Each structure stands twice: as structure tokens, then as C-alpha cells.
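Data first, discussion second: the structure below is written as C-alpha cells.
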Amino acid sequence: MEALKKFDGAYWRELFDSRVGKTTWPYGSGVWSKKEWVLPEIDPDDIVSAFEGNSNLFWAERFGKQFLGMNDLWVKHCGISHTGSFKDLGMTVLVSQVNRLRKLKRPVVGVGCASTGDTSAALSAYCAAAGIPSIVFLPANKISIAQLVQPIANGAFVLSIDTDFDGCMKLIREVTAELPIYLANSLNSLRLEGQKTAAIEILQQFDWEVPDWVIVPGGNLGNIYAFYKGFKMCQELGLVDRIPRLVCAQAANANPLYLYFKSEWNEFKAVKANTTFASAIQIGDPVSIDRAVYALKNSNGIVEEATEEELMDAMAQADSTGMFICPHTGVALTALMKLRKSGVIGAGDRTVVVSTAHGLKFTQSKVDYHSKEIPDMACQFANPPMQVKADFGSVMDVLMKYLGDKAPKH
Ligand SMILES: Cc1ncc(COP(=O)(O)O)c(C=O)c1O
Ligand SMILES: N[C@@H](CCOP(=O)(O)O)C(=O)O
């Protein structure tokens, strides 16, 4: 940090802005365009990148106006990325460093992680690109097919273990303490160095104006800290004069941070995480709890939670305005809805919701919702397909009913 402070905010802004839209290796990546703040010492030849980052900051105009009375709502689509989630941002840094260590003949036989699906997808892809073995521990039957197929296809050694994510996390920590396997979960700060660039990118996309709120879904809790770190660096290095208030959003079925927050940070208790449609955050004993609390305390932050019905309804509402978000983003949107309703977030506040994964990884839950096949859930925004006979009259019939008074009168 001290070395970076030799330059002022104007220097960094100009440098980062000059790299926008470039394809020069490695600066075309949204992560490596901030190389000096991420891993300055790495040789560009050692970098393993899929040109991650530079994700769309989408003005959620219709959703904001229709459902929240807001005009300045934005969704940072971090899931539109090589492996379909924000994990690519951190994994490019971690795997690049392992690549470098292996060239220096350090004894790393592979890279391992426990995962609810996205970390393993990113790890296996970046390792495969560099020819590095990857080993992934997955909780059996708890991740989506789209996520499961990613490490399999990328040639990772995949262990499907009869436990939950927290059980897998415990096992991978024990194994990596015994064997020269490099741990790739977000305990490893290299991951967070990459993930923090999403925060810097948001500021840059707003032409270095600071939003009032940033809402992030939280599970193992590395990402909320990464956002804090990115914003804080921009403040400390003089690019902006304040940081946004952070909101961490959890599924009510896996809410240890929320309960801790509600106890006014008095007592942290790990919980048994129950099944949630937001399966990637079905985590009861987050490894980055201390970092997350630090980030929230220092950003005047808040923690909210979403029930299964709330998160699925929010996802369906967002999708109906042209988004196609994942259930975790539904959790974050629920938090926003609650904070708007209580007046904590004002109608005019500039707010960014971080969308963490691509909706296509979670199509089964969308299909179930729209077919109204979820027990005890009203699925009030479901839009099931209409079954219709294959003849002109039947098709015209249903179309005329659908068009109502907008149908042409004959
Ligand atoms: C899609 C998705 N959203 C949110 C999260 C939460 O991120 P974190 O574990 O850093 O809190 C994860 C992973 O945990 C994820 O895969
Ligand atoms: N959702 C994560 C859980 C592990 O998080 P990490 O950031 O600590 O690797 C996943 O996709 O596996």
C-alpha cells in the first residue's frame, strides 16, 4: 500500500481509464487492468486469464421503477463471465500465482477447493487452461447439474462427498494441511485481491462517483470483504472521498451472519445450513466471518435475509423485466425490497445489487417456480406455458383471450 501511495488518485484514475477497452495482454481483463493493485510482481507471461471482469453494470430501470419506485438502481452482472460466476475474478489471480510457483519448481501437486458449485467451476477451468491438476470436494446432490458438469468437463478430480458444504470445507482444510495441494477457497487472500476489482470497476463505470449502497449476497463471506477492500483502497489512494454502505444478504435457511448482526455482534454461532434455492450460499459456518464483520462495521453496513418464497418471487419479478438472474441475486433483491420498505434505502439512493452467477446455472428452480411445483409456495409471479391443441382455431382462441381488448375487432 505504501508503494502505491507514491501516486495520487488522478494518476490511478488516468491509468485505469486508459486501459478500458484494450485487448493488450493482460490489460483486457478487468482484473489485470488493475494489475498494480492486485499482484504487481507477477510476470505477464505467468498470468492465466480468460479476460474476466469488465462486467455489465446494468441500469435496472424497469425493475426499479415498477417494483421499488427507484430511478437509480443498478445490477452489476458479475455472473456474465467465463465460468458463469464472480469466482473467475479471484481464480485468475490464484491460479496465476500457482502457475508461477510451479515454474519456480515449488512443490505444488495440484489445487483444491470445497465448493457449492461456482468456485469449483472456476478453479477447474483456470487450472485446465494452465495444465495444472485441480481437485474439488462437492457436497453430494447439493449443487445444480450445470455446476456439476463444469469441473467434470474440465478434467478436475471430482469427489462427491456425502456431507454438506461445511463438511467439505473441513475436509479440504485437513487434506491441504497434509498434502502439497494449494487451497483455493477464499481463505486464500489472493482470491480476494481479484474479487475486489469488481468494486473498483463499479466506481469506474460511474465515472468515479460513489453509489450510496452496494448489496452483495453472502455465503462463505469472502466477497463482501473483497468489495469493502476494493472501495477502501479507492478511498485511501485518493480516487474517491467516501465508500458506499454495504449490505450483505443471506438466505434465511443459511443465515449465521444475519443472526450475528441481529445480536448486535454479540455472539457468533455457526448454524446447520438448510436446503435453499440459493444453493451456492447454503453455508452455515463461513470461513471469512471475521473479515465480513470488519467490512460491515467499517462501512456502516447492514445484514438482511430472505425466505425461500421471498427470494424466488424477487427472482421472478426481476426476470419479468428482462433480467435472468440467479436465486442468490434474488436474495440480494429481497434485501433491497425490505430496506426500501422500511425506508432505510431512499427512493433516490443510487444502489447497486451485485448479481453473482448466471441464471442459466439455476434453470431447474425457475422451471419448478413457473410450473408452480414448489410445495407450500404460492409462486405468485409464475408464468407457465399454455398447453394448446395444434389447430388454427385453438391457437387463435387463446391468442384472442390473451390480447383481450387489444385484439383487433372484426
Ligand atoms: C452465486 C454465488 N453467490 C454468492 C456467493 C457468496 O459469496 P461468498 O462466499 O464470498 O460470501 C457464492 C459463493 O459462496 C456464489 O457462488
Ligand atoms: N459459493 C462458493 C462457496 C465457497 O466459497 P469460496 O469463495 O470460499 O471459495 C462456491 O461456489 O463454492
Side-chain angles (χ1 to χ4, degrees), residues 76-81 83-91 93-94 111-125 134 136-139 142-144 146-148 150-151 156 164-166 168-170 172-173 176 183-192 194-196 198 215-229 246-251 254-258 273 276-289 291-293 295-296 303 306 311 315 325-333 335 353-362 365:
K76 177 72 172 160
H77 278 296
C78 293
I80 302 179
S81 184
T83 71
S85 87
F86 72 96
K87 305 287 179 176
D88 293 351
L89 303 174
M91 216 50 89
V93 181
L94 184 135
V111 191
C113 72
S115 184
T116 52
D118 291 323
T119 296
S120 48
L123 176 66
S124 60
S134 62
V136 309
F137 289 13
L138 303 179
K142 289 191 173 62
I143 69 173
S144 75
Q147 290 171 312
L148 175 61
Q150 290 182 285
D164 55 11
F165 171 80
D166 297 301
C168 289
M169 192 71 230
K170 183 169 175 292
I172 194 80
R173 289 176 85 166
T176 50
L183 182 60
N185 284 102
S186 58
L187 289 163
N188 190 320
S189 57
L190 287 169
R191 284 270 313 281
L192 307 182
Q195 287 172 213
K196 81 178 182 213
I215 306 178
V216 186
N220 224 10
L221 300 180
N223 209 28
I224 186 79
Y225 179 76
F227 270 92
Y228 170 76
K229 190 164 188 206
L246 297 180
V247 178
C248 191
Q250 292 212 293
N255 63 353
L257 182 71
Y258 176 77
T276 166
F277 285 109
S279 54
I281 54 175
Q282 191 183 328
I283 297 172
D285 194 7
V287 296
S288 292
I289 182 71
R291 283 170 164 164
V293 173
L296 289 160
V303 187
L311 73 91
M315 179 170 78
I325 59 165
C326 68
H328 320 82
T329 311
V331 172
L333 288 174
V353 169
V354 177
S355 178
T356 45
H358 202 298
L360 284 172
K361 286 193 178 199
F362 301 93
S365 58

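Scope of the values below: all heavy atoms of this structure, side chains included, with no hydrogens, waters or symmetry mates. Residues take their numbers from the sequence shown, with the count starting at 1. Whatever order the structure lists ligands and atoms in, that order sets their numbers, starting from 1. Everything numeric here is computed off the predicted structure, so don't read it as measured data.
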Given Asp118, which of Lys87, Lys361, His328 fulfils the side chain to side chain donor-acceptor pair (under 3.5 Å) condition?
Lys361
Could you tell me whether some N/O pair between Ala184 and ligand 2 is separated by less than 3.5 angstrom?
no
Is there a donor-acceptor contact under 3.5 Å from the side chain of Asp88 to the main chain of Thr83?
yes
Do any N or O atoms from the side chain of Asp166 and from the backbone of Gly284 form a donor-acceptor pair under 3.5 angstrom?
yes
With heavy-atom distances below 4.0 Å as the criterion, list the atoms of ligand 2 near [X].
{"X": "Asn220", "result": "4 (C), 5 (O), 6 (P), 8 (O)"}
{"X": "Asp118", "result": "10 (C), 11 (O)"}
{"X": "Phe165", "result": "3 (C), 4 (C)"}

Identify the protein heavy atom lying closest to [atom], giving its residue, its atom name and the separation to 0.1 Å.
{"atom": "atom 12 (O) of ligand 2", "value": "Ser115 OG, 2.6 Å"}
{"atom": "atom 8 (O) of ligand 2", "value": "Ser186 OG, 2.6 Å"}
{"atom": "atom 7 (O) of ligand 2", "value": "Arg191 NH2, 2.7 Å"}
{"atom": "atom 1 (N) of ligand 2", "value": "Thr116 OG1, 2.7 Å"}
{"atom": "atom 5 (O) of ligand 2", "value": "Lys87 NZ, 3.3 Å"}

Taking only non-hydrogen atoms of Gly117, do any sit less than 4.0 angstrom from ligand 2?
yes
Of all the heavy atoms in Ala280, does at least one lie under 4.0 Å from an atom in ligand 2?
yes
Ligand 1: which residues have a non-hydrogen atom closer than 4.0 Å?
Phe86, Lys87, Asp118, Pro217, Gly218, Gly219, Asn220, Leu221, Gly222, Asn223, Ala280, Ile281, His328, Thr356, Ala357
Just wondering, do [Y] and [X] contact through their side chains at under 4.5 Å, heavy atoms?
{"X": "Val93", "Y": "Arg191", "result": "no"}
{"X": "Val287", "Y": "Arg173", "result": "yes"}
{"X": "Val353", "Y": "Leu333", "result": "yes"}
{"X": "Phe362", "Y": "Gln147", "result": "yes"}
{"X": "Tyr225", "Y": "Ser288", "result": "no"}
{"X": "Ser279", "Y": "Thr116", "result": "no"}

Could you point out which residue of Ile283, Leu187, Asp164 forms a side chain to side chain contact (heavy atoms under 4.5 Å, CB included) with Met169?
Leu187
Tyr228: partners by ring-ring contact (aromatic ring centres under 6.0 Å, His included), with sequence neighbours left out:
Tyr294
